[in-house]
Amino acid sequence: MFCALIMAGGKGTRFWPKSTEDVPKQFLNLIDSDETMIELTYKRLQKIMPKERIFVVTGKRYKKQVTNNLKDIPEKNIIIEPEGRNTAPCILLACLYIKQIYENATVAVLPSDHAIKNTDEFCGILEKANDYVENQNNEAIVTIGIMPDRPETGYGYIKFENTNDKVIKVEKFVEKPNLEKAKEYLADGGYLWNAGMFIFDINNMLKELKTNYSGYNVLEKLPKLESTDYESKINELYPECESISIDYAVMEKSKNIYVIKGNFGWDDIGTWNSLERYIPKDEENNVFNGNIVAYNSKNNVVYAGDKKVILLDAKDIFCIDTDNVLVIGNKESINKVHELRKK
């Protein structure tokens with residue numbers, strides 16, 4: 001039974017001031033679409049599975065926003081994290097939850113706030129990964145690696161074995177490199193971007209977590225979902241779980257990690273200047289989102305709302321306008337904006 005888990009607990013601090021802890025990135029329209037990032041993710045998945053098999057794990061404070069964005073999601077499919085403890089306890093909690101509904105599920109874990117241009121290609125790869133896990137190797141954890149087209153320093157990398165297989169054994173995961181190393185990886189051809197998406201048999205992942213992550217011994221004490229004290233026990237036990245990523249807890253320790261190459265227009269939209277890759281530029285190389293009019297202006301980035309923004313003789317600037325904050329600066333400094341959020 002193929003299921004999906006959308007992780008929607010992130011705070012999206014790099015997109016401040018548009019993204020805040022109250023309304024983080026996954027609940028925003030960032031890429032010139034009528035839908036938010038989490039809506040787009042949910043909609044993609046419905047091409048290959050019914051809504052009853054799509055789960056969302058999020059924090060208590062975001063449950064209402066999840067239901068407002070995903071109006072038809074069954075309430076039981078929203079899994080509440082009492083507090084943010086990184087991705088290992090989050091995925092453990094979700095797997096224990098989903099297993100009580102679909103005992104032998106294959107699960108695809110996906111971020112809620114990534115952009116994907118070619119939905120059909122992406123869904124085809126998910127189905128290929130599901131088929132591999134269900135029918136060929138149920139001890140495999142399959143990740144999706146993105147074929148790099150530039151020396152990117154903002155992503156981790158996956159080194160894969162040199163074979164012609166469609167599902168390839170992973171040699172190792174590599175941390176975010178400096179520019180020189182990123183150029184080496186691109187020239188080498190044996191590295192993929194780590195997109196943070198993976199597919200696994202739920203019982204195998206629980207076995208891996210039991211072996212490699214101390215939090216398993218904590219959360220295995222949780223009662224059945226229908227128990228009256230289920231929520232209170234989560235609130236009691238979850239803070240005891242070690243805060244660690246699934247990469248460190250499992251992915252870098254398991255001997256059964258495989259990768260499928262992906263080339264479907266993926267971007268994690270992790271910084272303000274990454275929007276330039278998704279929002280079409282005008283003839284003067286401007287990137288505009290909102291009600292914007294420009295005169296004799298070029299090489300600018302403007303992200304606004306309904307209020308009209310007028311540029312006159314402007315060059316190489318950015319402008320981010322929200323209800324509470326207006327930030328203007330040199331375009332080359334746009335990725336420093338999030339550093340101002342606590343000032």
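A quick note: this is a predicted structure, and the numbers were derived from the prediction, not measured. Quick note: numbers below take in every heavy atom, side chains included, and nothing from hydrogens, waters or symmetry partners.
- Counting all heavy atoms, side chain and backbone alike, G145 lies closest to V259 at N-CG2, 3.3 Å.
- Screening residues 110-128 for side-chain hydrogen bond (donor to acceptor under 3.5 Å, both in side chains), with sequence neighbours left out, gives H114-W266.
- Between the side chain of N69 and the main chain of Q65, a donor-acceptor pair closer than 3.5 Å is present.
- Considering only heavy atoms from C-beta on, F318 stays 4.5 Å or farther from N273 through its side chain.
- Both V109 and M205 belong to a common hydrophobic cluster when Ile, Leu, Val, Met, Phe, Trp and Tyr are linked at side-chain heavy-atom distances under 4.5 angstrom.
- Connection of Y303 to W16 is established within a shared hydrophobic cluster, with ILVMFWY side chains joined at heavy-atom distances below 4.5 Å, either directly or through further cluster members.
- Clustering ILVMFWY residues whenever any of their side-chain heavy atoms sit less than 4.5 angstrom apart, transitively, puts I168 in a cluster other than the one holding I144.
- A salt bridge between K331 and E276 is present, with a side-chain N of the basic residue lying under 4.0 Å from a carboxylate O of the acidic one.
- A continuous path of Ile, Leu, Val, Met, Phe, Trp and Tyr side chains, each step under 4.5 Å between heavy atoms, connects F200 with I257, placing both in one hydrophobic cluster.
- Using a 4.0 Å cut-off between charged nitrogen and carboxylate oxygen, K298 and E283 do not count as a salt-bridge pair.
- Taking the centre and axis of the six-membered ring of F15, the NZ or CZ atom of K25 falls outside the cone set by 45° and 6.0 Å.
- Two residues are said to be in side-chain contact when any heavy atoms from C-beta on lie closer than 4.5 Å; N77 and V56 fail this criterion.
- Hydrophobic cluster membership differs between I98 and M49, with clusters built from Ile, Leu, Val, Met, Phe, Trp and Tyr side chains linked at under 4.5 angstrom.
- Here V293 sits in one hydrophobic cluster together with Y295, I310, L312; the rule is ILVMFWY side chains under 4.5 Å apart, joined directly or through other members.
- Although no hydrogens or angles enter the test, the distance criterion places a donor-acceptor pair under 3.5 Å between the side chain of Y238 and the main chain of C90.
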Should D313 and N296 be marked as a side-chain hydrogen bond (donor to acceptor under 3.5 Å, both in side chains) after you check the CA-CA gap, both sets of side-chain angles, and the distance that decides it?
CA-CA 5 Å; D313 297 333; N296 190 34; 2.7 Å; yes
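- With contacts defined as side-chain heavy-atom distances shorter than 4.5 Å, the pair L326/C319 qualifies.
- Within the 4.5 Å cutoff, the side chain of Y157 has heavy atoms near those of the W193 side chain.
- Side-chain contact between T106 and C3: absent, with no pair of heavy atoms (C-beta onward) separated by less than 4.5 Å.
- Applying the side-chain hydrogen bond (donor to acceptor under 3.5 Å, both in side chains) test to every pair with at least one member in residues 92-105, sequence neighbours left out, gives these pairs: K99-N203, N104-N203.
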